[in-house]
There are 2 protein chains.
Amino acid sequence: MAEPLDPEMFDPVCPSSAMPIQIGDKWTAMVVLCLEDGARRFTELRGPLRGITPKVLTQTLRAMERDGLVTRTAYDENPPRVEYELTDLGRSLLILIDAARAWSRDHLPALLEARRAHESIPRPALLKRSRP
Amino acid sequence: MAEPLDPEMFDPVCPSSAMPIQIGDKWTAMVVLCLEDGARRFTELRGPLRGITPKVLTQTLRAMERDGLVTRTAYDENPPRVEYELTDLGRSLLILIDAARAWSRDHLPALLEARRAHESIPRPALLKRSRP
DNA sequence: TATCCCGGTATCGTTGAGGTAACCAGTATC
DNA sequence: GATACTGGTTACCTCAACGATACCGGGATA
């Protein structure tokens, strides 16, 4: 199996929301990373994905299952146990996620700096505007 | 400068909308590709980006300018002329776009096939549901 | 009997990206 | 005077994603 997930592996205040790359829907890339080391249970995923509501996690996993990115295995035990696991297709997204993270490491600071610098100037007057 | 843009370089009916990777907003990656070979004018961009409205193109370019991905140069001629050009930062997105396109070439058919196959089965009954 | 656990549903509301349509200023040309 | 061209702007609307909150069924446990 795999070690327990770090409940702080995703920082909700991290600037990744400013990152100009998105894999799937809002949570898809994070789910892929959570499943990188093996199958995980529903409630196990809710830890690192801090703030995700069960409804949205269900939606995300259903969409990923539909697209062949994860498999869902329900064991007829009780309390119920359901495990999600990456398929080869889902695992193939890891190289993209790594590329996105490499870009962020190398270039996101420049983007954020450009954005910060842009906020300073009020409005550069795009074309000559005459207001009587 | 650069050769005229191919007005059919983006297929509006192409399955890229199903692609689980997005660079920036909806049109950002396409704008980057349009500017790959040199500066372009506003109306020049409207050709390949078929269906984009001037408002949305303005929004897209303003956001890219704010993030330091493009520069905007207005020449005081007339009729007015405005040129947009990639910065080094904007150009750095090309490797990400290439990675996304490589993933699509290699894996998107499998995703679409999984999606198609999933539509066939009505509902696999997630957990036992009892409705009286 | 009561409560907890797990893996969800059901219902409602908010938000923002994106689209539609119309309009504009200044110059040049017919 | 009318029209066209460029590079936009403005007001309005739609729709899907996302979130908040509450609830559920069935068995195990206290």
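Residue numbering restarts at 1 for every chain, and letters A, B, ... go by the order of the sequence lines. Values reported hereafter were calculated over all heavy atoms of this structure, with side chains retained and with hydrogens, waters and symmetry mates removed.
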Distances under 3.5 Å only, N/O to N/O: pair up the protein atoms with those of nucleotides 3-6 of chain D.
| from | atom 1 | to | atom 2 | distance (Å) |
| --- | --- | --- | --- | --- |
| D:dT6 | O3' | B:R41 | NH2 | 3.3 |
| D:dT6 | O3' | B:P80 | O | 2.8 |

Exercise. Nearest to the side chain of B:K55, which nucleotide is it out of C:dT20, C:dT9, D:dG8?
Worked result: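 For B:K55, the side-chain atoms sit closest to C:dT20.
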Exercise. Is the side chain of B:Q22 donor-acceptor paired with the backbone N or O of B:G24 at a distance under 3.5 Å, no angle test?
Worked result: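 Flag set: sc B:Q22 to bb B:G24 pair under 3.5 Å.
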Problem set entry | Worked check of side-chain contact (heavy atoms from CB on, under 4.5 Å) between B:M30 and B:L33 | CA-CA 5 Å; B:M30 287 185 261; B:L33 288 174; 5.6 Å; no
Taking atom [atom2] of [N] as reference, at what distance in whole Å does atom [atom1] of [X] sit?
X	N	atom1	atom2	value
B:D76	C:dA25	CG	P	18 Å
B:Q59	C:dG19	CD	P	9 Å
B:D25	C:dG16	CG	C1'	11 Å
A:E77	D:dG26	CD	P	18 Å
A:I52	D:dG19	CD1	P	7 Å
A:R72	C:dC6	CZ	C1'	12 Å
A:L57	C:dG7	CG	P	10 Å
A:L45	C:dC6	CG	C1'	13 Å

N/O (side chain, [X]) to phosphate O (OP1/OP2, [N]) under 4.0 Å:
X	N	value
B:K26	C:dG19	yes
B:R62	D:dG8	yes
A:Y75	C:dG7	no

Exercise. At their closest point, which heavy atom of A:E65 faces which heavy atom of A:R72, and how far apart are they?
Worked result: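 Reported closest heavy-atom pair: OE2-CB, 3.7 Å.
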Problem set entry | Shortest non-hydrogen contact between A:C34 and A:M9, atoms and distance |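 The answer is SG-SD, 4.0 Å.
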Exercise. Do B:E119 and B:R116 meet the salt-bridge criterion of a basic N to acidic O distance under 4.0 Å?
Worked result: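 Judged by the 4.0 Å cut-off on N to carboxylate O distance, B:R116 and B:E119 do not form a salt bridge.
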Exercise. So, are A:E83 and A:R81 salt-bridged, with charged N and O less than 4.0 Å apart?
Worked result: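 Yes.
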For this session: Take B:R46 and A:N78, find for each the nucleotide of DNA chain D with the closest heavy atom, and name the residue whose nucleotide sits nearer the 5' end.
Result: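 Upstream on the strand: B:R46.
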Problem set entry | Sequence-distant partners of A:R105, side chain to side chain donor-acceptor pair (under 3.5 Å), two or more places apart |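 None.
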